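Computed from a predicted structure; not experimentally measured. Order of the sequence lines sets the chain letters (A, B, ...), proteins ahead of strands, with each chain counted from 1.
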2 protein chains.
Amino acid sequence: MNKKRQQLIDIASMLFYKNGINSIGINEILNVSGIAKKTLYNHFESKEALIMAVLEQRHNHFISWIEEKLEGVNSNKELVNCLFIALESWFLNSEPTLGDFHGCFFINSTAEFSGSNHRISIFCRKHKHQVRQVIARSMINKSPLLLDAICIIKEGVITSAYVENDTSTARKGISVLEKFV
Amino acid sequence: MNKKRQQLIDIASMLFYKNGINSIGINEILNVSGIAKKTLYNHFESKEALIMAVLEQRHNHFISWIEEKLEGVNSNKELVNCLFIALESWFLNSEPTLGDFHGCFFINSTAEFSGSNHRISIFCRKHKHQVRQVIARSMINKSPLLLDAICIIKEGVITSAYVENDTSTARKGISVLEKFV
DNA sequence: GCAGAAGTAGACAATTTTGTCTATTGTTTT
DNA sequence: AAAACAATAGACAAAATTGTCTACTTCTGC
């Protein structure tokens, strides 16, 4: 049965995102989910295997989320607006798919496994690359400079919103990009 | 004597930045520095006290570094150039003051102490605010929109350079900001 | 030179964390 | 209903981590 496996991923995803991966032990996940330790280790070889499964699920959810937000935009201006309004909604904890805002899970995870782990950092890099491709596909008049600008400003807006605890960065991102669209 | 205290901060700073704070134990710091455990706990009440001292020193170093880089700029265009060329130099590991590039230490630390710790996140917020003030002071023609743009794009450039392992983001940041100066 | 301060080496305690294993109970599937 | 499979509770091992303490040595200022 894959129901328990899914529950573990869901609970771990929530706890990891909220507290940081290294701050959450296996036992915490087991306590919150009410699932037995043996069951976890039947489904996942190790904590790292669970982490990878969580990253993968969050990546898929995030890609679906952003694709939906950008669906049917008719101009680059509209693209920028949709994207950053969606980000603002996330910052304001109004996006259930992504959970209460605690920054970008992939940036956070890269930071946590700075020196050591490779698989996690590489996965996060791949994630950012695929998000970029989704944005590129939604662009009406393809412009490499605009794409770079959107991606850099997106990262800056997410990071600033988190570290500086300031949800207004999303609107500021739109203001900055207005000169481009 | 404060020599040992300084050595501990220097070694811890290097190790924390390279590997992440939670990935480095007290014993690692002691082994690398060759200093006795008792000495560390004579100078610092706890690991957290050492972390705070490291954050403080890195903050001071970073502020001095950026002030020096922006010293004597004569236009907003020059300000943008100086800032992002300096960042690129950091990304290319050519800034000894900041050490080999592993992203922004303050963003990384905020990510590591996501849910729990307050003092660390608050300090990181304060750091970002003060960096902003340094940039604001260097601006020739004061413009709030430009200041927002620079700060957001700076964060985006640093984060992208780190997560995507791409040093070209600094130049792209200049390109984007060219529309403003 | 000597007294007091600072540093050393590392054993030890207490706690936490990952991962294994066993004995037992539920739950499917045929 | 029986056999095969999945889940449980939690004891246990092994390692890591923070922090304390003791006995001993080295440095430094007067």
- Item | Options C:dT20, D:dT18, C:dG7, nucleotide nearest the side-chain atoms of B:N27 | D:dT18

- Query: Does B:S64 reach the main-chain N or O of B:N60 with its side chain, forming a donor-acceptor pair under 3.5 Å?
  - Reply: yes

- Counting only N and O atoms by type, is there a donor-acceptor contact under 3.5 Å from the side chain of A:E78 to the main-chain atoms of A:N74? yes

- CA sep, side-chain torsions, deciding dist, call: A:F105, A:V54, side chain to side chain contact (heavy atoms under 4.5 Å, CB included): CA-CA 10 Å; A:F105 186 53; A:V54 166; 3.9 Å; yes

Value in whole Å for how far the [atom2] atom of [N] lies from [atom1] of [X]:
X: B:N2; N: C:dA6; atom1: CG; atom2: P; value: 10 Å
X: A:L40; N: C:dG19; atom1: CG; atom2: P; value: 9 Å
X: B:I21; N: D:dT18; atom1: CD1; atom2: P; value: 12 Å
X: B:I24; N: D:dT17; atom1: CD1; atom2: C1'; value: 13 Å
X: B:N42; N: D:dC27; atom1: CG; atom2: P; value: 17 Å
X: B:N19; N: D:dT17; atom1: CG; atom2: P; value: 12 Å
X: B:E45; N: D:dT20; atom1: CD; atom2: C1'; value: 14 Å
X: B:H43; N: D:dG19; atom1: NE2; atom2: P; value: 16 Å

[X] vs [Y] aromatic rings, parallel, tilted or perpendicular, using cut-offs 30° and 60°?
X: A:F106; Y: A:F123; value: parallel
X: B:Y17; Y: B:W90; value: parallel
X: A:F101; Y: A:Y162; value: perpendicular

- Message: With a 4.0 Å limit, can you tell me whether B:K4 has a side-chain N or O closer than that to the phosphate oxygens OP1/OP2 of C:dG7?
- Response: no

- Message: Below the 4.0 Å mark, does C:dT8 have OP1 or OP2 next to a side-chain nitrogen or oxygen of B:T39?
- Response: yes

- Between the axis at one end of the helix from C:dG1-D:dC30 to C:dT30-D:dA1 and the axis at the other (five pairs apiece), what's the angle to 10 degrees? 30°

Taking distance alone, no hydrogens or angles, what donor-acceptor pairs closer than 3.5 Å link side-chain atoms of residues 138-149 of chain B to residues at least two apart or in another chain?
unit_1: B:S138; atom_1: OG; unit_2: B:V134; atom_2: O; d: 3.2
unit_1: B:K142; atom_1: NZ; unit_2: B:A136; atom_2: O; d: 3.0
unit_1: B:K142; atom_1: NZ; unit_2: B:M139; atom_2: O; d: 3.0
unit_1: B:S143; atom_1: OG; unit_2: B:L146; atom_2: N; d: 3.0
unit_1: B:D148; atom_1: OD1; unit_2: B:R132; atom_2: NH1; d: 3.3
unit_1: B:D148; atom_1: OD1; unit_2: B:R132; atom_2: NH2; d: 2.6

- Query: Which residues, if any, of residues 28-38 of chain A bring a heavy atom under 4.0 Å of DNA chain C?
  - Reply: A:K37, A:K38

- Query: Considering residues, nucleotides and ligands other than A:Q6, do more than 12 of their heavy atoms fall under 6.0 Å from its CD?
  - Reply: yes

- Should B:F16 and B:V32 be regarded as members of a common hydrophobic cluster, given that ILVMFWY residues are connected when their side-chain heavy atoms come within less than 4.5 Å of each other, either directly or indirectly? yes

